[in-house]
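Contents: one structure, followed by commentary.
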Amino acid sequence: MDTVNNRPVGVFDSGVGGISVLRELYRLLPQENYIFYGDSANAPYGTRPTAEVRQLSLAVTEKLLSRQIKALVIACNTATSAAIQRIRQQYPKLPVVGLEPAVKPAVEQFSKTSIAVMATELTLREVKLQKLLERYQDQAKLIKVPAPALVEYVEKGELNTPEVRTYLTGLLAPLGKLSSIVLGCTHFPFIKPALKQVVGTEPKIIDGGPGAARELQRVLAKANLLNSSAVQGKVTFYNSNPDPAEITLSQRLFQTPLD
Ligand code: DGL
């Protein structure tokens, strides 16, 4: 029966990184159906001008809406910074969940320490993050760490290679002792095993995926849109890059253990 509640949740990212969020959504809400759209043909978003990312995000949202989604998860910190306001304005009835670097939980757990906030250049320069950092700047030393090459590595399916570890060492070694590392880009949870090899077990690695899943649950419950089916939901992958290897990579990332 086609009730609104059976319709899929649309999830998108600039590429395959948002699959780290999709996995958390599926873990918490396995009865939901999901359509994941990776815009890999246009990745990375993080090095583009804000207006361009807003345009690309609106175009992907329209594509997902044409597939009858009941809610949208912007599984991309960069697209959230650039476009969530505009998407909400344009589609006021659509429940929308966005991603933002998990600075608040990091500072709450590790006040008066050094915390690295890894994200794309766009996320780090946008007003949304500036305000977040200003709110917590007296409580911890928050260090902005742009890491654009990591997006490219994950897009190629390179998650824990010597190149990835060398790049991470170059970024993080000069920062000294860190209590925690906030993964403010949805591509980054896929490099968690490499990151742990580089920094050891001491700094806690914090990502926003589980929080986004809880937020989706709240938003769907509030709108009476939770799927009450007893059957597991379906996950469908689309990608703007027509190469079938993108779908193979998407499925592989969906299954990759992150811890
Ligand atoms: N995955 C994206 C994010 O969460 C952006 C990666 C990119 O395309 O630069 O910020």
Side-chain angles (χ1 to χ4, degrees), residues 12-21 37-57 60 74-84 98-103 106 114-130 132-133 142-175 178 180-199 203 205-209 239-241 243 246 249-250 253 256 258:
F12 83 89
D13 179 41
S14 62
V16 292
I19 294 168
S20 67
V21 178
Y37 189 94
D39 196 10
S40 295
N42 294 306
Y45 279 9
T47 49
R48 290 177 185 272
T50 307
E52 219 172 281
V53 174
R54 191 172 299 132
Q55 223 36 57
L56 290 165
S57 303
V60 173
I74 309 176
C76 177
N77 295 262
T78 307
T80 301
S81 310
I84 194 166
L99 263 287
E100 92 176 358
V103 171
S114 294
I115 300 171
V117 182
M118 293 176 70
T120 67
E121 287 149 336
L122 189 151
T123 302
L124 292 173
R125 75 165 182 260
E126 276 302 305
V127 186
K128 214 167 178 295
L129 188 83
Q130 294 310 328
L132 194 65
L133 296 184
L142 297 163
I143 309 166
K144 294 198 259 179
V145 184
L150 287 184
V151 175
E152 312 271 4
Y153 283 126
V154 174
E155 284 297 307
K156 285 188 285 186
E158 272 184 49
L159 310 182
N160 194 359
T161 58
E163 288 78 13
V164 170
R165 292 192 295 272
T166 305
Y167 178 71
L168 286 170
T169 306
L171 281 183
L172 299 169
L175 306 182
L178 297 168
S180 50
I181 300 172
V182 174
L183 302 183
C185 169
T186 57
H187 281 69
F188 299 170
F190 289 114
I191 52 90
K192 229 162 130 180
L195 191 55
K196 280 186 180 164
Q197 258 174 270
V198 168
V199 297
I205 299 168
I206 301 176
D207 92 80
N239 199 289
S240 54
N241 179 348
D243 185 343
E246 288 291 356
L249 174 62
S250 302
L253 292 175
T256 302
L258 296 186

For this session: State the OG1-CG distance between Thr80 and Leu129, to the nearest 0.5 angstrom.
Result: 12.0 Å
Problem set entry | Atom pair NE2 (His187) and CD (Glu152), whose distance is rounded to the nearest 0.5 Å | 8.5 Å
Problem set entry | Worked verdict on Thr120 versus Asn77 for side-chain contact (heavy atoms from CB on, under 4.5 Å) | CA-CA 8 Å; Thr120 67; Asn77 295 262; over 6 Å; no
Exercise. Between Ser114 and Leu175, does a side-chain contact (heavy atoms from CB on, under 4.5 Å) hold up when you go through it step by step?
Worked result: CA-CA 9 Å; Ser114 294; Leu175 306 182; over 6 Å; no
Exercise. Just by modelled atom types, is the Val164 backbone N or O under 3.5 Å from a matching donor or acceptor in the Thr161 side chain?
Worked result: yes
Seminar exercise, completed: CG of Leu99 to OG of Ser20, rounded to nearest 0.5 Å, is 7.5 Å
Seminar exercise, completed: Distance col, row Arg165:CZ vs Asn160:CG, nearest 0.5 angstrom, shows 4.5 Å
Problem set entry | Verdict with reasoning, Ser40 to Glu155, per side-chain hydrogen bond (donor to acceptor under 3.5 Å, both in side chains) | CA-CA 8 Å; Ser40 295; Glu155 284 297 307; 2.9 Å; yes
Exercise. Between the side chains of Glu126 and Thr50, does any donor sit under 3.5 Å from an acceptor?
Worked result: yes
Problem set entry | Any side-chain donor near an acceptor of the partner, Arg48 and Thr78, under 3.5 Å | no
Exercise. Is there a donor-acceptor pair under 3.5 Å between the side chain of Arg54 and the backbone N or O of Ala83?
Worked result: no
Problem set entry | Passing option when Cys76 is tested against Thr123, Asp39, Asp13, Val21 for side chain to side chain contact (heavy atoms under 4.5 Å, CB included) | Asp13
